[in-house]
Amino acid sequence: MDEPVLLTGAGGRVGRAILAGIGEAYDWRLLDREPVAADALPDGVTDDDVFVADVTDDAGVREAVEGVGAVVHLAGDPRPNAPWDSVLANNIDGTQTMFEAAVDAGVDRFVFASSNHAVGAYETDDRTPHMYRKDDEFRLDGSELPRPSNLYGVSKAAGETLGRYYHDTHDLTVACVRIGNLTKGHPPKEYERGQAMWLSHRDCAHLFDRCLAADYGYEIVYGISDNDRKYYSIERAREVLGYDPQDNSAEYTFGGEPREEVEPDSA
Ligand SMILES: NC(=O)C1=CN([C@@H]2O[C@H](COP(=O)(O)OP(=O)(O)OC[C@H]3O[C@@H](n4cnc5c(N)ncnc54)[C@H](O)[C@@H]3O)[C@@H](O)[C@H]2O)C=CC1
Ligand SMILES: O=C1O[C@H](COP(=O)(O)O)[C@@H](O)[C@H](O)[C@H]1O
């Protein structure tokens with residue numbers, strides 16, 4: 001991509017994983033309501049490329065989005081138990097503000113950080129905990145209706161629907177990534193659900209890279225590593241985006257230790 005890419009929520013966990021992995025691959029512009037730590041800035045990103053603004057601030061957003069070719073929109077309240085007033089402002093209003101500014105500025109592509117919580121209520125009592133285990137065949141593939149597990153999940157389903165609307169009305173290329181559980185270095189410890197939807201940092205960066213580079217129209221994909229335990233299909237991400245994850249929570253013990261270190265003979 002020749003034009004800059006605007007990354008919102010750049011100072012957070014997902015933003016830092018993306019910048020650590022593909023920080024040198026794009027000409028970044030960063031936006032966050034908090035100053036972004038200097039050690040998170042890729043080489044070549046200067047103060048002029050960093051916008052301290054709230055995504056609900058229309059003027060601040062419009063200044064940041066001017067001249068960019070793509071937006072990766074992560075900023076928002078990530079708490080599954082976030083209250084309605086927060087997700088309404090930060091996640092729904094903020095996302096609509098970003099989409100509207102993007103189409104007005106002639107942006108071509110928008111990548112939206114959705115969540116497993118947009119579909120968390122598929123994890124019914126009769127399916128759990130076996131759906132989190134390797135031999136269970138239940139899969140969500142992105143074509144199912146949202147079924148949120150909380151108001152935060154409702155806000156993510158709303159973001160996906162805003163994406164559909166701006167794709168259909170403005171021909172904006174939109175990818176919604178239902179991110180699983182991002183942790184650094186190892187899968188979530190002693191947490192079956194978390195290990196089934198683990199997204200490693202390198203797979204996260206690679207997946208967002210593919211969302212920025214591949215040819216598609218509107219997509220909902222799951223953002224998890226190639227875990228043996230899984231209840232989200234990654235086939236759509238593989239087929240349409242060319243996603244090729246390298247990590248698998250099965251390479252770690254339930255406590256999060258690399259198996260090759262604690263069980264060298266198992267390799
Ligand atoms: N970390 C994870 O495992 C998952 C994350 N996500 C989504 O990915 C996105 C990023 O999540 P994390 O990096 O984990 O969260 P985080 O809390 O580490 O980072 C969010 C960043 O967005 C900024 N921000 C929040 N509200 C803002 C606003 N109104 N205007 C401007 N900046 C704002 C914060 O200052 C922070 O730097 C969120 O949308 C979250 O819902 C979805 C599923 C899983
Ligand atoms: O959407 C999100 O999901 C992850 C995983 O959910 P959890 O219920 O298993 O913790 C969460 O860690 C993250 O904060 C959230 O934004």
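Numbers for residues simply follow the sequence, beginning at 1. Atoms within each ligand, like the ligands themselves, are counted from 1 in listed order.
Looking at Val111 and His73, their side chains never come closer than 4.5 Å, going by heavy atoms from C-beta outward. Within the 4.5 Å cutoff, the side chain of Asp32 has no heavy atoms near those of the Val52 side chain.
By the 6.0 Å and 45° rule, Arg147 stacks over the aromatic ring of Tyr122.
Under 3.5 Å, the side chains of Tyr222 and Asp141 contain no donor-acceptor pair of N or O atoms.
By the 30° and 60° cut-offs, the orientation of the rings of Tyr165 relative to His170 is perpendicular.
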### Task
Start with the C-alpha distance between Phe110 and Leu172, add both sets of side-chain angles, then the distance that settles side-chain contact (heavy atoms from CB on, under 4.5 Å), and finish with yes or no.
CA-CA 7 Å; Phe110 196 105; Leu172 182 69; 3.8 Å; yes

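Listed by chain and number, Arg13, Pro78, Ser115, Asn116, His117, Tyr152, Gly180, Asn181, Tyr191, Arg193, Met197 each place a non-hydrogen atom less than 4.0 angstrom from ligand 2. For ligand 1, the protein residues placed under 4.0 Å by at least one non-hydrogen atom are Gly9, Gly11, Gly12, Arg13, Val14, Asp32, Arg33, Glu34, Ala53, Asp54, Val55, Leu74, Ala75, Gly76, Pro78, Asn90, Ala113, Ser114, Ser115, Tyr152, Lys156, Ile179, Gly180, Asn181, Leu182.
If you look at His186 and Tyr252, their ring centroids are not closer than 6.0 Å.
Contacts classified as salt bridge (charged side-chain N to carboxylate O under 4.0 Å, His left out) and involving residues 169-188 (residues at least two apart or in different chains) are given here: Glu144-Arg178, Glu160-Arg178.
Applying the side-chain contact (heavy atoms from CB on, under 4.5 Å) criterion to Glu235, with sequence neighbours excluded, gives Ser233, Arg238, Glu239.
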